[in-house]
Amino acid sequence: MRLIDSHCHLNAERFAGDEEIVLTRARDAGVERLLVPGWNAASSSRALDLVERFPWLDASVGVHPHDAAKVDAAGWRQIVGWATDPRVVAIGETGLDYDRVFSPIPDQLVNLRRNLALALETAKPAIIHVRSKAGHGDAQDATVDELTRLGFGSQASLSAFGADRPPAVIHSFSGSVAYARRVLDLGLAISISGLAFRPGEESTADVIRLVPADRLLVETDSPYLSPPGAPRGRNEPEWVRVTAEWVAARRSAANDAFGEGLVGAYERTFRSGTGR
Ligand SMILES: [Zn+2]
């Protein structure tokens, strides 16, 4: 089965020194492309270093909601500088986390807006993390409001991305079917991770059936969110296969055909507009 991992923090401390062996295991499992997202200036820089060492990887640069209050002006200037680098295929990860709230919500909103504006400016899709407390959807609602206000799904994103490329990806999807419909209406892509297997995330199985094949991605979010069967301590990109096979089954698709679709969706989302 052909595979991609649209979100893998190989730039995290837990992979330091092990990158080569982890990537060999991923290749052996069928992973053809892998995106390494930054979450602040230092991790964005490490993502670029990894693409330099392993040219089949792609990088993204940006600021995570957890780091929204921690990135200073110099750090943001570095990220803006790297954003136009051809090895950078997306902006993020950014987003809103109303569950853990490691940065105050007003800071998260300012951070999200400037990351989204950078995505529109560079015509590179935003990678968006959205989590609310169990049983709530306030972060999801706020994300849709911000996207809409900035012109995602209307003139601003159409002129930057055209009608065929998603202007943003909802990474590690979590939320209701109604929310999924709203982000799909804005033209976004949806990426499914091991989070989908956890209690409270049951609606994701229904969401999977709604997403057009060319806007459906899978990811591990390594070293986090291990799917069933993967080691709990450190998730790795090879385990994207578990999630991909489960998603294919939810869509009643054959694994091989589904894998072809994944590679196509990845290329279209991250690489078609950037000359990578
Ligand atoms: Zn992440």
Side-chain angles (χ1 to χ4, degrees), residues 4-16 19 22-23 26 31 33-51 57-68 70-71 75 79 82-83 88-103 108 111-112 115-116 118-119 124-132 139-140 143 166 168-175 183 188-198 201 204 217-227 230 232-240 242-244 266 269-270:
I4 50 92
D5 187 349
S6 77
H7 198 107
C8 172
H9 295 290
L10 199 67
N11 47 350
E13 189 68 42
R14 274 142 94 184
F15 289 115
E19 297 92 346
V22 168
L23 286 173
V31 178
R33 297 221 68 97
L34 184 152
L35 192 151
V36 183
W39 60 86
N40 59 16
S43 59
S44 295
S45 168
R46 288 199 297 278
L48 283 168
D49 294 343
L50 284 164
V51 176
L57 310 187
D58 297 302
S60 73
V61 300
V63 181
H64 194 283
H66 291 341
D67 283 71
K70 295 177 206 152
V71 170
I79 286 166
W82 293 322
V88 171
V89 301
I91 304 301
E93 69 179 285
T94 188
L96 296 174
D97 195 314
Y98 290 5
D99 180 18
R100 286 163 287 181
V101 200
F102 291 161
S103 282
Q108 292 191 34
N111 178 62
L112 173 64
N115 278 266
L116 292 178
L118 186 58
K124 297 183 181 184
I127 296 176
I128 309 179
H129 164 117
V130 190
R131 303 284 286 276
S132 297
Q140 285 80 357
T143 299
V169 177
I170 299 295
H171 118 78
S172 199
F173 183 87
S174 170
V183 299
L188 272 61
I190 286 179
S191 182
I192 309 294
S193 74
L195 186 64
F197 297 96
R198 296 206 181 161
E201 302 291 345
T204 302
L217 298 165
V218 292
E219 62 175 272
T220 55
D221 202 15
S222 298
Y224 315 109
L225 301 180
S226 300
R232 310 307 293 172
R234 186 180 78 175
N235 194 10
E236 291 189 18
E238 63 174 307
W239 299 104
V240 80
V242 174
T243 303
Y266 184 100
T269 302
F270 296 118

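Sequence positions, counted from 1, serve as the residue numbers for this chain. Note that ligands are numbered from 1 as they come in the structure, with each ligand's atoms numbered from 1 the same way.
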How many angstroms lie between atom [atom1] of [X] and atom [atom2] of [Y], to the nearest 0.5 angstrom?
| X | Y | atom1 | atom2 | value |
| --- | --- | --- | --- | --- |
| L118 | T94 | CG | OG1 | 10.0 Å |
| L217 | F270 | CG | CZ | 5.5 Å |
| D97 | S103 | CG | OG | 9.5 Å |

| query | Ignoring waters, how many protein N/O/S atoms are under 2.8 Å from the Zn ion (ligand 1)? | reply | 4

Give a yes or no answer on whether the side chain of [X] reaches the backbone of [Y] with a donor-acceptor pair at less than 3.5 Å.
| X | Y | value |
| --- | --- | --- |
| S6 | V218 | yes |
| N40 | V63 | no |
| N11 | P37 | yes |

